[in-house]
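To start, the structure itself, in structure tokens.
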Amino acid sequence: MNYWLFKSEPNAYSYDDLVVDSTAEWDGVRNFQARNYLRDSIKAGDLVLFYHSNAKPPCVVGTASVVRSGYPDYTAWDPRSDHPDPKSSPDNPIWYMVDIQAKERFKQPISLNEIRGNYLLSEMLLLRRGMRLSVQPISEEHYAIICHLGQIDKI
DNA sequence: GCCAACGTTGGC
DNA sequence: GCCAACGTTGGC
């Protein structure tokens, strides 16, 4: 099993939205490195930290589980979607997505500042200079630590 | 709103 | 292949 951090701007799609929807298609990712993770590496059963970017403060707010492994992001060839890409087609899909399901909301959201201030978390990609990937791998250890800080059970 | 750090595009 | 211009991300 692998562990990931997914970023979302709460204005666009928040953890509350995921809880209401229960399951969501994680569509609209238009970055090749993130696409590769979605297509090749993120599998059903993997666990996800849900991070609110552009929030005050930016923070991890809960967990989710992957319920469907990577498959073509069909919104790319829908011209009315939020992120159309005319180069992508059903015969030649460029972009991929997974489905995730809300798991547990943190009793205590863990802010970026708190992550930055915790030496146990200092190796996280999230803290790398200029690290803007919206889908990024994290270690099982970092996943467990942040769940612990957020006061929920890891699994 | 500002701006640094990227990623992408396209001329050459 | 280089690189300038441009667009986006995302913290502050």
Between A/R128 and A/K87, just flag the one whose closest nucleotide in DNA chain B comes earlier from the 5' side.
-> A/R128

Determine, using ring centers only, whether A/W95 and A/F32 are less than 6.0 Å apart.
-> yes

Give a yes or no answer on whether the side chain of A/D21 reaches the backbone of A/A24 with a donor-acceptor pair at less than 3.5 Å.
-> no

Aromatic ring pairing A/F50/A/Y13, orientation class (parallel under 30°, perpendicular over 60°, tilted between) = tilted

Answer yes or no for A/R39 and A/Y37: cation-pi contact, defined as NZ/CZ to six-membered ring centre under 6.0 Å and angle to ring axis within 45°.
-> no

From the list A/R30, A/H83, A/R35, side-chain hydrogen bond (donor to acceptor under 3.5 Å, both in side chains) partner of A/D73 resolves to A/R30

List the protein contact pattern of nucleotides 6-12 of chain C with one symbol per nucleotide (5' to 3'): B for base contact, S for sugar-phosphate-only contact, - for none; contact means a heavy-atom distance under 4.0 Å.
-> --BBBBS

